Amino acid sequence: MHGLRTRHSGQLLFVQLHLELEDQMPLMTAHRIALDAEAANRATYPHCDITVHQAPASLGAETQDIVDDEDLNPALGGAGRVASGW
């Protein structure tokens with residue numbers, strides 16, 4: 001995973017990320033992995049709008065904007081984090 005970006009708008013948390021998947025992975029498999037990533041995120045942050053992009057692993061990571069749960073979750077002391085460029 002790379003390119004994790006988060007921001008808040010009112011009570012809503014917006015999350016965007018890129019999953020690095022095998023280049024030859026079948027589309028249905030890549031789609032299922034993306035849905036699983038969305039479900040896992042919503043289990044922790046139920047009021048979030050998440051966008052998961054599937055990227056071929058051969059392209060490599062464009063960015064490494066990884067944040068901790070504490071940065072994302074105000075209940076854990078974070079105010080939310082806006083990654084650079086978003």
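Computed from a predicted model, the values in this text were never measured in an experiment.
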Sequence neighbours excluded, the answer for salt bridge (Lys or Arg N to Asp or Glu O under 4.0 Å) partners of E38 is R42

For S58, side chain to side chain donor-acceptor pair (under 3.5 Å) partners two or more places apart: D23

For H53, enumerate each residue passing the ring-ring contact (aromatic ring centres under 6.0 Å, His included) test, keeping only those at least two apart in sequence or located in another chain. H18

D49: which residues meet the salt bridge (Lys or Arg N to Asp or Glu O under 4.0 Å) condition with it, sequence neighbours left out? none

Apply side chain to side chain contact (heavy atoms under 4.5 Å, CB included) to A55 and list each qualifying residue two or more places apart in sequence or on a separate chain. H2

For a quick test of reading the model, state the closest non-hydrogen atom pair linking N41 to C48 and the distance between them. ND2-SG, 2.8 Å

Measure the CZ-CG distance between R5 and L17 for me, rounded to the nearest 0.5 Å. 11.5 Å

How many angstroms lie between atom CE of M25 and atom CD1 of I33, to the nearest 0.5 angstrom? 4.0 Å

Interatomic distance, T44 atom OG1 to L13 atom CG [nearest 0.5 angstrom]: 11.0 Å

To the nearest 0.5 angstrom, please state how far the CG atom of L19 sits from the CE atom of M1. 8.0 Å

How would you list, by chain and number, every residue that makes a side chain to side chain contact (heavy atoms under 4.5 Å, CB included) with Q54, sequence neighbours excluded? L21, A30, A34, V52

